[in-house]
Amino acid sequence: MASVESLAAPALDLPGGVQLLALQPHTDQRGELMELYRDGGSDLAPPRQWNLLNSAPGSVRGMHAHLRHTDYVVVLSGVMLLGLCDTRQGFAANSCIVELRGDQPQAAIIPPGVVHGFVTTEGYSLVTGLSHTWNPADDLCCRWDDPALALDWPHIETPALSARDAAAGSLAELAAAWNANAPR
Ligand SMILES: Cc1cn([C@H]2C[C@H](O)[C@@H](COP(=O)(O)OP(=O)(O)O[C@H]3O[C@@H](C)C(=O)[C@@H](O)[C@H]3O)O2)c(=O)[nH]c1=O
């Protein structure tokens, strides 16, 4: 039985190309084994880089959209809220927040052009596979709390943000940069 499966009926209206794959832990008296990534388990090109992220409670990463690379995201422990918004047609659509939990493992595939951010109230550890090796110029950014995103984030008193994300512009500016620079 394949250990990586597409979720049969996602209840969410996800941006085009975003996929959620159920991961199957195999548990026995020794503990647990779980396939994290299987080539051919999705239409994702094999990742060329893997990153580990540990995020403290109250931290925010993003919002980002990538010009070229696809992210393959698996939360290993804790809880992460994945905010998604599609601006590839020049307007915000299909905004939603997906809860990714270490105790209910899924892989999220986020293609280029989908604006996404990682928010947590309790902290998490995740791995992310990148379809291309990282290049900072591939990241477009906007404010995580831009109302145009239409994302109903939980209240975080003092969110921990990178300097770049704290200084990011609007979703409209990100969408304009995407439309001007996206590979055709
Ligand atoms: C992404 C990345 C960062 N870095 C370095 C740069 C910097 O010193 C430090 C933290 O990087 P950043 O602030 O860019 O990390 P962060 O803001 O967490 O970036 C991540 O945000 C989420 C929302 C995503 O979409 C990911 O693809 C990635 O862009 O790590 C690498 O060396 N390699 C990498 O692949």
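Order of appearance sets the numbers: ligands from 1, and atoms from 1 within every ligand.
At distances below 3.5 Å, not a single donor-acceptor pair connects side-chain atoms of Arg101 with backbone N or O atoms of Gly78. Listed for the Asn54 side chain is no donor-acceptor partner under 3.5 Å among the backbone atoms of Ser125.
Closest approach of Thr70 to Pro112, counting heavy atoms only: OG1-CD, 3.3 Å.
Hydrophobic clustering (side-chain heavy atoms under 4.5 Å, transitive across Ile, Leu, Val, Met, Phe, Trp, Tyr) keeps Trp134 apart from Val115.
Taking Leu53 as the reference, Asn51, Arg61, Phe118, Leu126, Thr128 meet the side-chain contact (heavy atoms from CB on, under 4.5 Å) condition, with sequence neighbours excluded.
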Do any nitrogen or oxygen atoms of ligand 1 lie under 3.5 Å from a protein nitrogen or oxygen, and which ones?
| unit_1 | atom_1 | unit_2 | atom_2 | d |
| --- | --- | --- | --- | --- |
| ligand 1 | 14 (O) | Arg164 | NH2 | 3.0 |
| ligand 1 | 18 (O) | Arg61 | NH1 | 2.8 |
| ligand 1 | 21 (O) | His64 | ND1 | 3.1 |
| ligand 1 | 25 (O) | His66 | NE2 | 3.2 |
| ligand 1 | 25 (O) | Asp71 | OD2 | 3.4 |
| ligand 1 | 25 (O) | His116 | NE2 | 2.6 |
| ligand 1 | 27 (O) | His66 | NE2 | 3.2 |
| ligand 1 | 27 (O) | Asp71 | OD2 | 3.0 |
| ligand 1 | 29 (O) | His64 | ND1 | 3.1 |
| ligand 1 | 29 (O) | Asp139 | OD2 | 3.2 |
| ligand 1 | 35 (O) | Gln49 | NE2 | 2.9 |
| ligand 1 | 35 (O) | Asn51 | ND2 | 3.0 |

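Under the 3.5 Å distance criterion, with hydrogens and angles disregarded, no donor-acceptor pair is assigned to the side chains of Asp138 and His132.
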